[in-house]
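Each chain gets a letter, A, B and so on, in the order its sequence line appears, and its residues count up from 1.
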Amino acid sequence: MQYDPEQEPYVALRTKALESLLIEKGLITPEAVDAQISRYEQDIGPLRGAQIVARAWRDPDFKERLLQDGAKALAEFDVPSSAPLVVVENTPDEHNIVVCTLCSCYPWYVLGLPPTWYKDFAYRSRAVIEPRAVLRDFGLELDESVTIRVWDSSADQRYMVLPECPEGVAHLTEDELAALITRDAMIGVAKVQAPAQSVAAN
Amino acid sequence: MQYDPEQEPYVALRTKALESLLIEKGLITPEAVDAQISRYEQDIGPLRGAQIVARAWRDPDFKERLLQDGAKALAEFDVPSSAPLVVVENTPDEHNIVVCTLCSCYPWYVLGLPPTWYKDFAYRSRAVIEPRAVLRDFGLELDESVTIRVWDSSADQRYMVLPECPEGVAHLTEDELAALITRDAMIGVAKVQAPAQSVAAN
Amino acid sequence: MNGVHDMGGMHGFGPVVREENEPLFHAEWEARVRAMQGATVGRFFNLDEFRYGIEQMDPAHYLRSSYFERWLATIEYNLVQKGVVTSAELDARTELLRQQPDADLPAPGSVESPWRTAESFPRPDLPDLTPRFAAGDAVVTRNQHPIGHTRLPRYARGKRGVIHLVHGPEVFADTNAHGLGPNPQIVYSVRFDARELWGDAADPGGTLNIDLWESYLEPAPG
Amino acid sequence: MNGVHDMGGMHGFGPVVREENEPLFHAEWEARVRAMQGATVGRFFNLDEFRYGIEQMDPAHYLRSSYFERWLATIEYNLVQKGVVTSAELDARTELLRQQPDADLPAPGSVESPWRTAESFPRPDLPDLTPRFAAGDAVVTRNQHPIGHTRLPRYARGKRGVIHLVHGPEVFADTNAHGLGPNPQIVYSVRFDARELWGDAADPGGTLNIDLWESYLEPAPG
């Protein structure tokens, strides 16, 4: 989505107007808005999700609990979940991809604030009808034999992809593993890459 | 459709730019464009259609030919038809309404240039899913018992409605009858009204 | 294509507004666009390409644009596609006219163009074809979602209807819009119960007729 | 409603463009809209009303607007609907700030509002409900076209699928968006063959799962 230069100044003014009205009516305080914004700025983004994925790769029992009931498994990570979570697992034969066609539902409590492309019209319209072409836009070319499973999150459940663990990472700690796991991989538009030296070592 | 004040000046300039390029390349002449425009200005609008409807009301054989093959019947009126015409007849039990949801196909050779509302998004979107509500927008409230038949003109055929003949017009000439028949009635969003004195005479 | 132009059944566009004593054109440029369309369609591009060019507009631009703005957009799109004019020429000329509305322009015919010899082409002759279906036959429309031009609206895909009229052969818009030939097919007026298309939202007892090419249709099972 | 927000399967929006090192917000006002949403949703209006407010945007405006512009639009829409602020107040304040960006504004809390006592409301407690369907059951979605809010996308109406997961009870968005109560229902993840939804355009062998409320579903015939 490009920003419309004709609308942008108006929108900024309108935002300020609305906020000032809510403030003078005593319905919100400027401090509360500022505090909320600084919380976003300290947002850890997709790190929580990455830690969960790394744990699942290392701990088969945790992985089973995670796939069984995502929200319950999250409790082990002390994540304040506000919605049920369904974790779907990628395998050599199946690739999962998550979208919300009707708005932009997103598992923010594990992945942070959503990227703009996730909320844009191109992704929302195309992920369901031509997921393979969308993955190509991300530079991911799947083998024809791989089945693509799309998840359109239209209700309260949020979806996160458990990506495939790359080869050659047995020597890494769980934290080092987590550092490899990208937000895009947990939405299902990328694979997790092993660090360059590990790949070379294979 | 409201005109977008931010786009309008640009569009006028762009039109002039395109025309001037085609002219200097010798692909069109300004005289030809002007001549074409003056033909539109002398456009008789829906009069041809009205004459055809009036004739059909007065001449049952012609009506039969018209309903059988509209384009062929038009030849009797010396109309230079460029597309097949299907004429659909309103009765006390059935009301027909014509739309083109995909673009704005219109039987211009019998009804003249289409009105803006016919080309607007509201009509194109709603006529097929809630025709009764659309008719209400035109002030036409049909009895619940009347079946509504919608015609979405998606190919080369063009559609014209043969409205019901109002009561109390037996004394009128065919030309006087034609003067009562509106474009809207031949699209199917209005009924033909008898002149006020005729109604009073009933 | 599944585009915003495919408006049948959409909500959110408000009431139909009828303008009393509407003028033929709301501005001079509209009349000139209308006339230029007549002078270019069927000569530099065909009517299906003209329609497809409108569908190629950015969806937000489509919805912001009035009818003749969309016509201007597709005339430009098609003339550029065919090489009759270039976008750079058009941009430069627009900018010149913006800065100097009374600029001296090159005289008529002063610039060479290989397109001068282009003559109007009619829709091609149509062969006799044997209809696959007859009036009264039950059919089901294909659930198709082509990326290109099509005249089977989204609201009528995968739906059961009945052949109402056999219109006869017509050029196939879906190929003719893409330089893939006229490929004539029989076109039918297919009647659908409004309920089949709209469920509970349907006008009770209502019907819709849509003109559909033979390859959009299959015999209804059962 | 059948609105432009219901984007699944639409063509014409171009490639997906990924921004490297994207900032959390592209402008200060976006962050403030995000924070105001958190401070108003679940207090003056519910999340379904929030979503429906976006759907109420003029379609052309929706398509021109960035994500947080759409959020601002629905926060305003809902606050005006509920009477928390008025459009006139907002217009006047916007105009004042346009003319005098540093205008003195009334002090925090200096204007009375009956809404000060509004407290956050949680989603209501959900009862135990007996699911009508079990995993593996074949279902068909309703071909519904309500004028109001719904979470059954157009591309999945009148389609056959299989119950994949039984999620449990959830507030029914279609009524909760319109002040008609939470009316909890069981929600299911229904799996569809991509081919059922998209015909020949489907990714071969692919599937789509969509979360659907029980009243969107009927047992599949035959």
- Message: If we define contacts as heavy-atom pairs under 4.5 Å, which of B:Tyr40, B:Tyr159, B:Tyr123 has the most with chain C?
- Response: B:Tyr40
- Stacked cation flag C:Arg34 on C:Phe25, 6.0 angstrom / 45 deg: no
- Query: Is chain C contacted by the side chain of B:Asp184, its backbone, both, or neither, given a heavy-atom distance below 4.5 Å?
  - Reply: side chain
- Heavy-atom contact with chain B under 4.5 Å, split by part of C:Ala27: side chain
- Message: Heavy-atom cut-off 4.5 Å, strictly under: side chain, backbone, both or neither for B:Phe138 against chain C?
- Response: side chain
- Message: Looking at chain C, which one of B:Leu102, B:Thr101, B:Asp34, B:Thr29 has the largest number of heavy-atom pairs inside 4.5 Å, strictly under?
- Response: B:Leu102
- Query: Given that the side chain runs from C-beta out, which part of B:Leu27 has a heavy atom under 4.5 Å from chain C: side chain, backbone, both or neither?
  - Reply: both
- Residues C:Asp203 and B:Arg132 bridged, charged N to O under 4.0 Å: yes
- Note on the structure: When the 4.5 angstrom heavy-atom criterion is applied to B:Ile97 and chain C, the contacting part is neither
- Query: Which answer fits C:Leu197, side chain, backbone, both or neither, if we ask what part of it has an atom under 4.5 Å from a heavy atom of chain B?
  - Reply: neither
- Item | Interface moiety of B:Val86 toward chain C, non-hydrogen atoms closer than 4.5 Å | side chain
- Query: Is chain B contacted by the side chain of C:Thr150, its backbone, both, or neither, given a heavy-atom distance below 4.5 Å?
  - Reply: backbone
- Message: Whether C:Arg64 and C:Glu69 form a salt bridge (side-chain N of Lys/Arg under 4.0 Å from carboxylate O of Asp/Glu) is what I want to check.
- Response: no
- Under 4.5 Å from a heavy atom of chain B, the part of C:Leu79 involved: side chain
- Would you sort out whether C:Ser189 and C:Asn209 count as a side-chain hydrogen bond (donor to acceptor under 3.5 Å, both in side chains), showing the intermediate values? CA-CA 6 Å; C:Ser189 177; C:Asn209 277 61; 2.8 Å; yes
